[in-house]
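Before any comments, here is the structure.
Chain naming here is simple, since letters A, B, ... match the order of the sequence lines and numbering starts at 1 in each. Values reported hereafter were calculated over all heavy atoms of this structure, with side chains retained and with hydrogens, waters and symmetry mates removed.
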Amino acid sequence: QDAYPYTDRNCRTDVPYPPNDPKVSTFVLNLDLNPKDRWAPLMKNKTNELKAMIGDIINLVGAFFKNKTKIVNDLDTLLGPLVYTLPQPYQDEMIGISDASGVPLGQIVLYNIFYEVFTV
Amino acid sequence: CTSIVAETPNGTLYHSRNLDFGLFLGWDVKNKKWELTERLRPLVVNVDYQKGGKTVAKAVHFVGYVGVLTGIKPGVITMTMNERYNIDGGFVGIFEWILGQRSEQWMGFFMRDTLVEATDYASTKTKVINAKIMSPGYIILGGNKSGEGAIIVTDREKPAYVEELDPKKGKWFVLQTNYDPVDKPPFFDDRRTSGVRCMTNTTQKAVGFGPLYNVLSTKPNLNLLTAYTAMMQVDTGYLDTFIRECPQPCYPW
């Protein structure tokens, strides 16, 4: 970052607060609901964005292998059952997210353990 | 990522963070952007955890990801997690988990459990220090009293390293990027020097949301991996999140 012009020469002081950057919306997660149903209302509006993002991850993983379709199937086969070893309520929440979005369970699991995979 | 916990002269604590993610996960040559970061931005959502109609915690999520990376328990604590790269990372932990060794906790789930169950800063700090987490990480904690702020470096093998606020000795903020506080950051990714310089320029007297947002808007703390900036104040329970774009020319990380 020492190379011009990637680092601001002076610390910024001109950004107003609240800023003009897009503000994020809020979703109420009702913990009194069954974990499988908690995220369903949010998934209704965001399924396309979620599918696009997971599609990117699959493409990236697939790029390392000849047969992408096989890798996708293998991921679902390997990671899908892993959900049943995960602690509650996360296990049921992931199953609910998969049901509500139509994204295969193995792919939802991959997304949720991505930090553990990525730190290496 | 860049996480900051800062304290005003009257003891008000602010906790802010830039979340950077998507390094080497697809480069959009045409638009000079990270593909995964672009995909993540529309998925950012603030989540208000409610029990019996009352807020018990708030967190910033990526839709579909049930763990927590940024959160606040109003009046009690604030928490963020920054990624810590390590060859003995979570990958090893995943294999152990698959093989049936399940004594360690998943980072995102641990963060959420800790946030929702927190009763005070001291016990939360102890819990984090003693936790057996599957992957290494930097957990940044803020409390609700003067001096309650810490960077906790967690490791799969070694004991946690802790660096804390000490306002009486002039240490009125802690700032954490993605490198161990005791080591010098690499020359090709030194967001610490920039962040510390801008916080020092800000001065303790002036600390607040505006100045903190400006620090996190200064390149390279703002970079092409930055998906969002979250701003928290524990005593009021305030959490706001803003989607970030780094205008070109901008460093890739």
Side-chain angles (χ1 to χ4, degrees), chain A residues 1-8 10-19 21-32 39 42-43 45-47 49-50 52-57 59-60 63 78 82 85-87 89-90 93-94 97 101 103 108 111-120, chain B residues 25-26 35-36 39-40 42-52 56 60 63-67 83-87 89-91 93-94 97-98 102 106-109 134-136 187 189-191 194 197-198 201 209-210 213-215 217-220 228 240-244 249-251:
Chain A
Q1 282 105 351
D2 289 338
Y4 181 84
Y6 297 120
T7 301
D8 281 321
N10 297 311
C11 299
R12 292 195 66 178
T13 55
D14 60 321
V15 186
Y17 195 86
D21 299 306
K23 193 172 165 172
V24 166
S25 60
T26 296
F27 169 73
V28 173
L29 185 77
N30 185 351
L31 296 175
D32 297 320
W39 296 97
L42 182 63
M43 299 320 300
N45 304 322
K46 291 285 187 178
T47 292
E49 290 89 339
L50 180 64
M53 193 276 304
I54 290 181
D56 264 11
I57 296 177
N59 279 336
L60 183 85
L78 280 171
L82 186 67
T85 69
L86 298 178
Y90 308 109
E93 287 187 10
M94 277 185 239
I97 287 168
S101 65
V103 176
I108 294 293
Y111 176 40
N112 273 278
I113 65 171
F114 207 61
Y115 177 74
E116 277 75 13
V117 177
F118 194 69
T119 45
V120 77
Chain B
L25 297 175
E35 281 179 25
L36 190 63
R39 292 289 193 199
L40 283 171
L43 291 170
V44 181
V45 64
N46 285 343
V47 174
D48 188 336
Y49 288 72
Q50 293 195 358
K51 254 185 196 170
V56 292
V60 187
V63 172
Y65 183 82
V66 298
E83 187 166 17
R84 184 171 182 235
Y85 307 107
N86 197 321
I87 196 73
F91 212 78
I94 293 173
W97 185 276
I98 290 169
R102 293 175 187 157
W106 300 80
M107 179 61 89
F109 305 158
M134 196 178 287
S135 46
F187 72 90
D189 185 20
D190 184 6
R191 285 165 285 123
S194 158
R197 178 172 61 98
C198 292
N201 286 355
F209 287 126
Y213 200 84
N214 273 277
V215 172
S217 301
T218 302
K219 298 172 194 172
Y228 68 75
D240 240 339
T241 310
F242 302 92
I243 302 298
R244 303 310 301 267
C250 184
Y251 207 63

Between Tyr17(A) and Asp240(B), is there a side-chain donor-acceptor contact under 3.5 Å, judged purely by atom types and distance? no

Please flag which part of Leu50(A) lies under 4.5 Å from any non-hydrogen atom of chain B: side chain, backbone, both or neither. both

Is the closest side-chain heavy-atom distance between Glu49(A) and Val63(B) below 4.5 Å? no

Counting only non-hydrogen atoms closer than 4.5 Å, does Phe242(B) touch chain A with its backbone (N, CA, C, O), its side chain (CB onward), both, or neither? both

Non-hydrogen atoms of chain B under 4.5 Å away: do they reach the side chain of Asn59(A), the backbone, both or neither? neither

Bottom line for Arg102(B): the part with an atom under 4.5 Å from chain A's heavy atoms is side chain

Determine, step by step, whether Phe91(B) and Val117(A) satisfy the side-chain contact (heavy atoms from CB on, under 4.5 Å) criterion, reporting the C-alpha distance in whole Å, the side-chain angles of both residues, the deciding distance to 0.1 Å, and the verdict. CA-CA 5 Å; Phe91(B) 212 78; Val117(A) 177; 3.8 Å; yes

Could you check whether any side-chain N or O of Glu116(A) sits under 3.5 Å from a backbone N or O of Met107(B), counting only pairs where one atom can act as donor and the other as acceptor? yes

For Asp56(A), is it the side chain, the backbone, both or neither that has a heavy atom under 4.5 Å from a heavy atom of chain B? side chain

Counting only non-hydrogen atoms closer than 4.5 Å, does Ile243(B) touch chain A with its backbone (N, CA, C, O), its side chain (CB onward), both, or neither? both

In terms of ring plane angle, is the pair Tyr111(A) and Tyr65(B) parallel, tilted or perpendicular, where the classes change at 30° and 60°? perpendicular

Heavy-atom side-chain proximity of Tyr213(B) to Asp21(A) below 4.5 angstrom: yes

What part of Val56(B) gets closer than 4.5 Å to chain A, counting heavy atoms only: side chain, backbone, both or neither? side chain

Can you tell me how far apart OG (Ser194(B)) and CG (Asp8(A)) are? Round to the nearest 0.5 Å. 7.5 Å

Under 4.5 Å heavy-atom distance to chain B, tell me which part of Ile54(A) shows up: side chain, backbone, both or neither. neither

Determine the interplanar angle of the Phe109(B) and Tyr90(A) rings, folded into 0 to 90°, and report it as parallel if under 30°, tilted if 30 to 60°, perpendicular if over 60°. parallel

At what distance, to the nearest 0.5 angstrom, does CG of Leu29(A) lie from CG of Asn46(B)? 13.0 Å

Can you tell if the side chain of Val24(A) reaches within under 4.5 Å of the side chain of Tyr228(B), non-hydrogen atoms only? no

